[in-house]
Amino acid sequence: MDEPNIETTPSLRGFLELYAAGFVDREEMLSAVASWPFQDEKTDPEPRDQDNTLAVVSAARILGQLTREDIEEIQRRLEGPPNFA
């Protein structure tokens, strides 16, 4: 008997929904999103079904799930510490 095909990739969209609903604290969300294994966005067809792209983060801001400050902090963490070499 074949095993059922079970999706094992976590959903960034779902995680941000949990954050917006108050089930995840801000620091945990910032840390998780900044280290998320983002996928490349598909451009054809339109990527409505992709849950793990940076577009999902942008959409969460538009939907009010993330604040401008959240986005700025995620971006800062994605860029990493300054390199003064």
Side-chain angles (χ1 to χ4, degrees):
M1 186 168 136
D2 290 331
E3 294 280 327
N5 185 10
I6 298 173
E7 179 67 39
T8 58
T9 304
S11 168
L12 177 59
R13 187 182 323 272
F15 179 78
L16 291 174
E17 288 171 358
L18 289 174
Y19 169 68
F23 292 103
V24 177
D25 70 36
R26 184 173 188 263
E27 184 55 39
E28 180 182 356
M29 178 278 296
L30 292 170
S31 179
V33 173
S35 64
W36 202 271
F38 292 104
Q39 298 169 334
D40 291 332
E41 292 182 40
K42 298 176 191 171
T43 55
D44 188 57
E46 193 168 318
R48 290 191 176 115
D49 62 337
Q50 285 192 284
D51 282 345
N52 296 301
T53 66
L54 287 172
V56 171
V57 177
S58 295
R61 172 65 182 114
I62 292 168
L63 294 171
Q65 295 172 330
L66 296 174
T67 65
R68 183 176 46 91
E69 292 80 13
D70 292 337
I71 297 293
E72 289 170 354
E73 181 60 20
I74 291 166
Q75 188 172 26
R76 185 187 70 74
R77 291 181 187 204
L78 284 170
E79 291 171 353
N83 184 359
F84 297 111

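Numbering of residues begins at 1 and proceeds along the displayed sequence.
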Check: Who are the side chain to side chain contact (heavy atoms under 4.5 Å, CB included) partners of Asp25, not counting sequence neighbours?
Finding: Glu27, Glu28
Check: Hydrophobic clusters join Ile, Leu, Val, Met, Phe, Trp and Tyr when side-chain heavy atoms are under 4.5 Å apart, directly or via other members; which others share one with Trp36?
Finding: Leu12, Phe15, Leu16, Leu18, Tyr19, Phe23, Val24, Met29, Leu30, Val33, Phe38, Leu54, Val56, Val57, Leu66, Ile71, Ile74, Leu78
Margin query: Run the salt bridge (charged side-chain N to carboxylate O under 4.0 Å, His left out) test on Glu17 and Arg13 for me, step by step, so that the C-alpha distance in whole Å, both residues' side-chain angles and the decisive distance to 0.1 Å come before the verdict.
Written below: CA-CA 6 Å; Glu17 288 171 358; Arg13 187 182 323 272; 5.7 Å; no
Next item on the list: Would you please name every residue forming a side chain to side chain contact (heavy atoms under 4.5 Å, CB included) with Glu69, sequence neighbours left out?
Entry: Arg26, Thr67
Item checked: Results of side chain to side chain contact (heavy atoms under 4.5 Å, CB included) for Ala34 - residues two or more places apart only -> Arg77
Note to self: Among residues at least two apart in sequence or on other chains, which ones pass side-chain hydrogen bond (donor to acceptor under 3.5 Å, both in side chains) with Ser11?
What the structure shows: Asp51
Next item on the list: Measure the CD-OG1 distance between Glu41 and Thr53 for me, rounded to the nearest 0.5 Å.
Entry: 4.0 Å
Note to self: Tell me whether Asn52 contacts the main-chain N or O of Pro37 through its side chain, where contact means a donor paired with an acceptor under 3.5 Å.
What the structure shows: no
Checklist line | Non-neighbouring partners of Arg76 that pass salt bridge (Lys or Arg N to Asp or Glu O under 4.0 Å), sequence neighbours left out | finding: Glu73
Next item on the list: List for me each residue that meets salt bridge (Lys or Arg N to Asp or Glu O under 4.0 Å) alongside Glu79, sequence neighbours excluded, and say none if there are none.
Entry: none
